[in-house]
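Proteins come first, then strands; the chains are lettered A, B, ... in the order of their sequence lines, and each starts at number 1.
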Amino acid sequence: MANVETSRDKAGMPPLRWRELWLKEDWWAIWLGLGLVVVAYILFANGTSIRWIAVTPAKWSTLPQLGEHFAANYARYIVQFLLWLGVFTVALTALGHKVRDFVPSFVFLYVLSVVIFALGQWDKANTYNLEPPLVALAIGLTLSNLIGLPRWLDAGFRVEFYIKTGIVLLGATLPFTLIIWAGPAAILQASIVSIVTFLVIYWVGIKLGLDKRLAATLGAGGAVCGVSAAIAIAGAVGAKKEDAPIAIATVIIWAVAMIFVLPFAAQALHLSAGVGGAWIGTSEFADAAGFAAAQTYGNLASHGAVAGTSDQAVFAYTLIKVVGRDVWIGIWAFVLAIIATTQWERGETSRKPEAAEIWWRFPKFIIGFLLASLLVTLVSTGYSLADYNNAVVPSLVGPIKDLRTWAFIFCFLSIGLTTRFRELASAGKMPFLAFSAGAIVNVIIGFILSAVVFASHWENLMH
Amino acid sequence: MSDETPKAQRQCRECRHLRNDAKYLEAAFKGLTSLSSGYGSARSDDGICLRHDRYPSARSSRPEFSPPTTQVTAAEECIRTKAYFVDRSRSSVRFELLKLFWC
């Protein structure tokens with residue numbers, strides 16, 4: 001870390017207040033995601049569609065077929081690339097990134113994403129388990145850990161921004177009625193798992209001699225939303241500077257391993273797509289990692305290797321993870337801030353936790369996710385099922401889903417490209433053991449709730 | 001820092017020891033960008049305290065609070081912050097936007 005002790009102009013910034021609307025990526029994910037949905041709707045309402053720009057590689061079995069597809073559609077890919085480049089450049093520039101670093105980085109990311117997407121469309125891809133999320137992750141990890149990329153390229157590998165944008169777009173493909181119907185069960189299941197996981201990690205951590213703040217930071221990382229929760233709680237409880245990197249390293253190691261393990265474990269256990277998605281939602285820690293696993297499981301379902309549909313896996317995961325777990329991060333932070341200031345550091349600080357912290361830390365992109373869902377659901381209410389399938393899906397929902405898939409591939413690839421295991425802080429044996437205890441309990445309880453207690457609920461999702 | 005310092009100005013966010021710029025945190029916390037970000041809402045505006053080697057909320061306050069150099073007015077703070085962003089962006093368009101919506 002650069003020594004900036006004497007650099008006054010880098011010291012603490014004033015409160016964001018309304019400036020959060022353009023200085024936080026959550027809001028930019030809303031502007032971009034909702035903006036695309038609104039444009040898609042306007043075109044749809046005028047009898048046309050964003051279908052042309054939402055191009056994706058077609059299924060292929062021979063390379064000449066693939067070549068023909070690209071020869072026939074190269075203009076669509078170029079325009080789509082320019083669209084992504086334009087909207088991301090505007091957002092990232094507003095956030096303070098440099099255009100000259102982002103543009104070449106995104107060119108690299110997009111080209112590699114096209115290759116991975118095309119590979120996933122190969123008719124033999126599922127024979128060799130070449131699921132795009134896993135391929136993206138594997139290629140990214142190989143490039144960043146074995147070959148090495150220039151550091152400035154990281155400017156375009158914005159994992160969190162891409163996944164948040166993708167989640168807002170996903171909202172447009174998920175009926176709001178489904179959120180209302182399945183949301184309460186998702187919240188109940190997620191809350192049980194979150195509380196138990198947190199308490200296990202915290203209790204084991206304390207027994208192993210960890211500082212309370214580190215134990216709480218690790219606990220939140222395992223119980224709520226991975227790295228984002230870990231740093232949120234680290235700040236709320238005033239953790240030591242080295243606690244956050246320890247939690248980050250531990251979460252990343254577990255989360256990346258789980259991406260590869262969970263889909264195939266669920267398949268081996270013969271879980272349907274909805275049940276598997278719910279289990280992944282309760283067992284994965286970070287949103288982006290979980291989506292990689294859930295999307296993989298959904299792809300297995302679309303190939304017929306798993307009962308159910310691809311959407312069931314992704315929607316069940318989303319309901320558990322985004323609706324059931326992520327929304328509570330502010331409450332976790334508020335409660336732990338109260339405990340920290342009144343119990344752990346009494347007299348050290350005069351800070352008084354404020355209930356407003358629940359809002360400050362609320363993952364705002366979820367608002368965009370819900371609004372997108374509500375908008376498309378309202379648009380769809382005037383259509384019969386047949387008309388919905390014949391008109392709304394191909395012209396509105398389908399293209400948005402394809403754009404979402406692109407955003408997710410950018411994200412999955414970026415996970416691999418930014419995960420450099422050598423650079424992660426040494427987690428230490430005790431923190432790793434404490435977190436692992438919670439992760440194992442998390443997986444077991446998540447399985448019982450998803451595959452036994454709420455099995456029929458997730459099995460019948462969208463029926 | 002004398003005891004007469006207004007309480008509102010004793011928050012860590014105003015302290016010269018706190019670093020809560022997203023870019024700084026992403027560089028300081030290796031791996032943060034792999035599955036998260038320094039620009040997310042959940043982080044709020046927490047930062048690293050170089051004095052205590054802690055990661056407190058910007059709304060925290062400590063007896064060891066140390067003002068930047070001298071007491072600054074809200075307007076001075078705003079101008080300084082604006083200059084910080086303009087320096088980073090090197091963009092006149094953004095500067096105009098900042099002027100328009102800020103201060």
When you check the gap from the basic side-chain N to the acidic O, do B/E26 and A/R158 get nearer than 4.0 Å? yes
Atom group of A/A286 that falls short of 4.5 Å from chain B, counting heavy atoms: side chain
Okay, side chain of A/D26, backbone of B/G40: is any donor-acceptor separation there less than 3.5 Å? no
Would you say that B/R43 contacts A/S228 through its side chain, given a criterion of any heavy-atom pair below 4.5 Å between the two side chains? no
Say whether, by atom type as modelled, one donor and one acceptor occur between the side chain of A/T419 and the main chain of B/S34 under 3.5 angstrom. no
Candidate pair A/K240 and B/D53, rule side-chain contact (heavy atoms from CB on, under 4.5 Å), full reasoning: CA-CA 6 Å; A/K240 291 177 188 164; B/D53 275 345; over 6 Å; no
Think B/R59 forms a cation-pi with A/W360, using NZ or CZ under 6.0 Å from the six-ring centre and within 45 degrees of its axis? yes
A/R361 meets the side chain to side chain donor-acceptor pair (under 3.5 Å) criterion, sequence neighbours left out, with A/E357, B/D46
Is A/E242 close to B/Y55 at the side-chain level, that is, under 4.5 Å between some pair of heavy atoms? no
Do any pairs count as a salt bridge (Lys or Arg N to Asp or Glu O under 4.0 Å) and have a residue in residues 326-340 of chain A, sequence neighbours left out, and if so which ones? A/K321-A/D326
Nearest heavy-atom pair of A/E20 and B/S41: which atoms, and what distance? OE2-OG, 3.4 Å
On a heavy-atom basis, which atom in A/A255 and which in B/L35 lie closest, and how many Å separate them? CB-CD1, 3.7 Å
NZ on B/K30 to OG1 on A/T418, rounded to 0.5 Å: 12.5 Å
Any idea which heavy atoms bring B/F29 and A/K241 closest together, and the distance? CE2-O, 3.6 Å
If you count heavy-atom pairs under 4.5 Å with chain A, which of B/S44, B/A22, B/G38, B/P56 comes out on top? B/S44
Using non-hydrogen atoms only, which part of A/A244 is less than 4.5 Å away from chain B: side chain, backbone, both, or neither? side chain
Closest non-hydrogen atom pair, A/I248 against B/L32: CG2-N, 4.0 Å
Taking B/R54 for its side chain and A/G238 for its backbone only, find out whether a donor-acceptor pair lies under 3.5 Å. yes
Please report the interatomic distance CD1(A/I415) to OG1(B/T33), rounded to the nearest 0.5 Å. 11.0 Å
What's the spacing between A/E25 CD and B/S36 OG if we round to 0.5 Å? 7.5 Å
